[in-house]
Amino acid sequence: MAQRSERRTSVTGAVFAVLLVASFVVAGETPGADDSVEEVVSFYSDNESEVVISAILSGLSAVFLLFFVGSLGSVLRSAEGPTEGLSAVARAGGVVAAVGVLIFAGLLFTLGDAADTLEPEATQALNALNADFFFPLAGGLATLLFATGLVAVQSRVLPGWLGWSALVIAVVTFSPLGFVAFLASIAWVLVTSVLLSFGRGRAPTVSTQAPPG
């Protein structure tokens with residue numbers, strides 16, 4: 001019963017990925033940090049509904065990410081062995097990543113809801129934050145994936161290719177290919193969520209009872 005419930009919880013990673021991608025699609029290409037004030041104000045004034053809906057979808061995705069991280073952390077903790085403690089690091093990284101998503105959601109909601117009433121310079125400043133304030137999200141995802149990859153490679157609690165790919169994505173996160181790594185991390189969560197929901201990633205139960213004398 002407990003494993004069945006955990007499998008259902010693991011699906012939340014896929015829900016996170018779908019909601020986050022949907023939020024990108026709904027909002028469209030938002031202005032960059034170096035776009036002019038006129039371009040920024042015009043975009044958010046003309047796309048208020050889409051931006052607000054996108055922000056809500058992003059915020060919801062963060063909630064599902066937290067549930068997924070809790071489920072993944074339980075799987076890692078059951079198998080970490082000599083890497084004891086990394087499951088807690090992975091969970092902490094997931095929490096930071098969820099906070100990062102919520103920050104973007106809050107900024108986007110404010111831009112969509114108040115662009116017509118804010119001073120143009122304030123709108124541009126918020127847009128710059130929305131475009132470039134990615135360190136909480138990137139750092140959280142990198143921590144989540146790196147800690148998970150270390151446990152997975154050592155214990156094989158997840159398929160080997162999934163553990164190694166997590167390590168590679170984490171390392172690339174703060175490189176010039178950071179945005180590619182971000183997209184890859186979403187795909188990684190989606191794939192891992194599906195595998196766990198079908199029962200992959202369950203470490204064998206280790207008996208703590210002493211052998212009969």
Side-chain angles (χ1 to χ4, degrees), residues 1-17 20 59 61-104 133-175 177-178 180-211:
M1 181 67 70
Q3 284 194 355
R4 187 178 302 173
S5 176
E6 190 175 314
R7 290 183 186 182
R8 288 196 294 265
T9 304
S10 299
V11 179
T12 53
V15 179
F16 154 74
L20 193 60
S61 76
V63 175
F64 284 97
L65 176 60
L66 289 172
F67 278 95
F68 169 73
V69 169
S71 177
L72 177 62
S74 296
V75 173
L76 298 178
R77 185 178 57 189
S78 70
E80 56 189 349
T83 58
E84 185 175 356
L86 285 178
S87 62
V89 175
R91 280 175 164 165
V95 171
V96 173
V99 170
V101 174
L102 289 171
I103 289 173
F104 279 123
F133 196 58
F134 58 84
F135 278 99
L137 176 56
L141 285 174
T143 302
L144 169 64
L145 267 64
F146 198 76
T148 300
L150 290 176
V151 177
V153 168
Q154 187 276 331
S155 67
R156 298 294 178 176
V157 67
L158 296 173
W161 61 268
L162 199 60
W164 285 111
S165 64
L167 293 175
V168 172
I169 295 169
V171 170
V172 175
T173 296
F174 290 101
S175 75
L177 297 175
V180 175
F182 169 66
L183 296 178
S185 67
I186 297 175
W188 186 92
V189 170
L190 174 62
V191 172
T192 304
S193 173
V194 172
L195 289 177
L196 291 179
S197 68
F198 281 100
R200 295 296 302 273
R202 296 300 183 276
T205 302
V206 179
S207 176
T208 58
Q209 295 181 351

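Using a distance-only test at 3.5 Å, with no hydrogens or angles considered, a donor-acceptor pair links the side chain of Ser193 to the main chain of Ser10. Using a distance-only test at 3.5 Å, with no hydrogens or angles considered, no donor-acceptor pair links the side chain of Ser71 to the main chain of Phe68.
The environment of CZ in Phe174 is crowded: more than 12 heavy-atom neighbours from other residues, nucleotides or ligands sit within 6.0 Å. Surrounding CZ of Phe104 are more than 12 heavy atoms belonging to other residues, nucleotides or ligands, all under 6.0 Å away. Applying the 6.0 Å contact sphere to CZ of Phe133 captures no more than 12 heavy atoms from other residues, nucleotides or ligands.
Residue Arg91 comes nearest to Ser74 through the heavy atom pair NH2-OG, 3.0 Å, listed as atom of the first residue, atom of the second, then distance. Nearest heavy-atom pair, Val172 versus Ser175, reported as atom, atom and distance to 0.1 Å: O-OG, 2.7 Å. The two residues Leu141 and Ser185 come nearest to each other via the heavy atoms CD1-OG, 3.4 Å. The two residues Ser155 and Ala79 come nearest to each other via the heavy atoms CB-O, 3.3 Å. Residues Val11 and Ser197 come closest through the heavy atom pair CG2-CB, 3.5 Å. A pairwise comparison of heavy atoms in Phe67 and Thr9 identifies O-CG2, 3.6 Å as the closest pair.
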#### Entry: From CA spacing to verdict: side-chain contact (heavy atoms from CB on, under 4.5 Å), Leu190, Phe16
CA-CA 8 Å; Leu190 174 62; Phe16 154 74; over 6 Å; no
### Task
Carefully, step by step, assess Thr192 and Leu162 under the rule side-chain contact (heavy atoms from CB on, under 4.5 Å).
CA-CA 8 Å; Thr192 304; Leu162 199 60; 3.3 Å; yes
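Side-chain contact between Ile103 and Val99 is present, with heavy atoms from C-beta onward closer than 4.5 Å.
Rounded to the nearest 0.5 Å, atoms OG1 (Thr148) and CG (Leu72) are 4.5 Å apart. Atom CG of residue Leu158 and atom OG of residue Ser165 lie 9.5 Å apart, to the nearest 0.5 angstrom. With rounding to the nearest 0.5 angstrom, the OG1 atom of Thr173 is 10.5 Å from the CZ atom of Phe134. The line from CD1 of Ile169 to CG of Leu183 is 10.5 Å long, rounded to the nearest 0.5 Å. To the nearest 0.5 angstrom, Leu144 atom CG is 8.5 Å from Leu76 atom CG. Rounding to the nearest 0.5 angstrom, the gap separating the CG atom in Leu102 from the CG atom in Leu137 is 10.5 Å.
Across Val189, Val194, Leu195, a single residue satisfies side chain to side chain contact (heavy atoms under 4.5 Å, CB included) together with Val191, and that is Leu195.
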